[in-house]
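Contents: one structure, followed by commentary.
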Amino acid sequence: MDEVLNATYITLDGYVEVNKYRYVYFFIFFILYSLIICSNSTIVYIIWIHKNLHEPMYIFIAALLLNCVLYSTTVYPKLLIDFLSEKQVITYSACIFQLFMFYTLGGSEFFLLAAMAYDRYVAICKPLQYQTIMGKTTVSIFLFIALLIPACHIAVPAIGSAEATLCNVNLKGIFCNNAIYTLQCVRSKLNTVFGVVSLIDLVILPMVFVVFTYTKIFIVSYQSGKEIRKKAAETCLPHLLVLINFSCLSIYDVSIARVESDFPKTARLIMTLQIVLYHPLFNPFIYGIKMKEISKQLKRFFCHDKNHFMKTKFLQFVL
């Protein structure tokens with residue numbers, strides 16, 4: 001019979017050779033976190049300062065990238081602290097909060113992608129009604145729903161886990177995700193039911209909606225002229241790439257808590273890092289390169305900064 005523990009702290013036991021390579025880990029992840037913040041924030045700033053980008057599609061992109069920043073901030077600062085610490089621990093209450101934020105923001109990602117798919121459907125399949133359907137009120141409602149529904153879903157199992165009895169305090173991971181349920185002596189039926197409901201509502205249904213919507217878009221664009229097909233490809237392809245990428249990483253996350261306890265620690269670490277590494281860097285790259293208007297404004301932005309820097313240096317040299 002498992003020993004019941006009255007735990008205050010959880011040990012994060014997913015690190016590999018952290019004492020030996022702590023400064024290497026810290027430097028690499030500090031650079032990665034800085035890249036995530038800068039790349040996502042730059043595109044959000046570009047969308048904010050250019051009025052021609054104040055359209056629903058770009059507003060949803062900005063919301064998605066802000067979501068990426070928050071998603072990364074849920075994990076990276078704690079990772080950086082742990083790399084420099086002698087012991088990698090976290091309070092149980094902080095662990096529950098991290099889990100809540102991690103999955104709330106993850107669910108918001110799917111809802112935002114679903115909203116973007118609907119926006120493209122209206123723009124391509126019902127262009128004459130676009131301004132009427134996708135007004136400011138509609139966009140605001142979609143953004144509110146994208147945050148509220150995941151938060152409500154994740155709050156229930158998070159609150160239930162806060163009261164759970166633990167039989168283990170060694171979490172086989174580097175941050176608090178669904179692997180925390182393996183620490184509980186008995187997983188409550190409420191958490192199990194809400195876990196399934198959350199998976200269906202926050203992941204499967206938005207994915208099905210996106211696939212159905214893009215199928216309709218491709219059918220309409222195939223039957224239309226070359227210009228419509230080009231527009232559909234330019235605006236829909238980035239969203240589909242992001243959806244596929246994030247869906248694969250979500251499968252990684254779900255599988256982590258299901259693998260056997262003797263699963264190699266290094267392999268588990270690599271799987272876990274993919275969840276918080278690829279996606280926050282993938283999004284700004286895709287939208288910065290594939291979205292024509294954003295790419296154009298980015299080039300102007302960096303060329304302007306470069307020219308300004310060169311002029312400043314020249315004036316300093318002359319004077």
Side-chain angles (χ1 to χ4, degrees), residues 1-22 24-26 28-29 32-33 71-107 154 157-158 160-188 191-192 194-196 198-199 203 246 248-280:
M1 184 177 179
D2 293 328
E3 181 184 357
V4 176
L5 303 172
N6 184 15
T8 303
Y9 288 91
I10 301 296
T11 300
L12 300 171
D13 195 30
Y15 292 92
V16 176
E17 299 285 352
V18 67
N19 292 326
K20 186 177 181 181
Y21 300 110
R22 66 171 71 252
V24 175
Y25 280 140
F26 180 86
I28 292 173
F29 280 86
L32 289 173
Y33 184 49
Y71 180 83
S72 301
T73 303
T74 301
V75 176
Y76 276 84
K78 181 64 173 71
L79 285 181
L80 295 176
I81 293 171
D82 285 339
F83 291 141
L84 298 180
S85 302
E86 289 299 321
K87 293 183 179 180
Q88 292 72 47
V89 297
I90 185 172
T91 64
Y92 186 59
S93 57
C95 193
I96 294 296
F97 179 73
Q98 188 179 53
L99 175 143
F100 170 75
M101 293 300 299
F102 183 77
Y103 287 111
T104 294
L105 295 169
I154 304 303
S161 296
E163 302 298 325
T165 303
L166 303 184
C167 287
N168 188 4
V169 292
N170 292 315
L171 183 70
K172 294 183 181 297
I174 58 175
F175 62 89
C176 298
N177 57 1
N178 62 18
I180 195 173
Y181 297 126
T182 62
L183 305 182
Q184 299 172 5
C185 297
V186 179
R187 185 171 178 180
S188 70
N191 280 3
T192 303
F194 257 85
V196 175
S198 297
L199 180 65
V203 179
F246 195 63
C248 291
L249 296 179
S250 298
I251 293 171
Y252 270 123
D253 179 70
V254 171
S255 65
I256 283 173
R258 302 291 184 268
V259 294
E260 296 297 327
S261 58
D262 60 349
F263 196 77
K265 183 182 282 191
T266 303
R268 186 187 291 271
L269 176 65
I270 293 171
M271 287 177 66
T272 305
L273 288 177
Q274 291 182 74
I275 300 168
V276 295
L277 177 58
Y278 293 157
H279 184 64

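The shortest side-chain heavy-atom distance between D82 and I174 does not fall under the 4.5 Å cut-off. By the 4.5 Å heavy-atom criterion applied to side chains, T73 and Y33 are counted as neighbours. Using a 4.5 Å heavy-atom threshold, the side chains of P157 and Y181 count as touching.
Once rounded to the nearest 0.5 Å, the distance linking CD of Q88 with CG of D13 reads 9.0 Å. Taken from CD1 in I81 to CD1 in I90, the straight-line distance is 9.5 Å, to the nearest 0.5 Å. Atoms OG and CG, from S72 and L32 in turn, are 10.0 Å apart once rounded to the nearest 0.5 Å.
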| Could you walk me through whether Y103 and N178 pass the side chain to side chain contact (heavy atoms under 4.5 Å, CB included) check? | CA-CA 9 Å; Y103 287 111; N178 62 18; 3.4 Å; yes
| task | Give the intermediate values and the outcome of side chain to side chain contact (heavy atoms under 4.5 Å, CB included) for residues L80 and F29. | result | CA-CA 7 Å; L80 295 176; F29 280 86; 3.9 Å; yes
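Residues F102 and N177 approach most closely at CE2-CB, 4.3 Å, considering heavy atoms. In plain terms, the two heavy atoms of Y76 and V276 that are nearest each other are OH-O, 2.7 Å. When all heavy atoms of N170 and L183 are compared, the closest pair comes out as O-CD2, 3.4 Å. Across all their heavy atoms, V18 and Y15 have their closest contact at CB-CB, 3.9 Å. Residues L84 and R22 share a closest heavy-atom pair of C-NH1, 3.5 Å. Residues Y71 and P280 come closest through the heavy atom pair CD2-CG, 4.4 Å.
Of the residues listed (V89, L166, I180, I96), the one engaging I10 in a side-chain contact (heavy atoms from CB on, under 4.5 Å) is L166, and it is the only one.
For F97, the side chain to side chain contact (heavy atoms under 4.5 Å, CB included) test picks out M101, with sequence neighbours left out.
Between the Q98 side chain and the C176 main chain, a donor and an acceptor come within less than 3.5 Å of each other.
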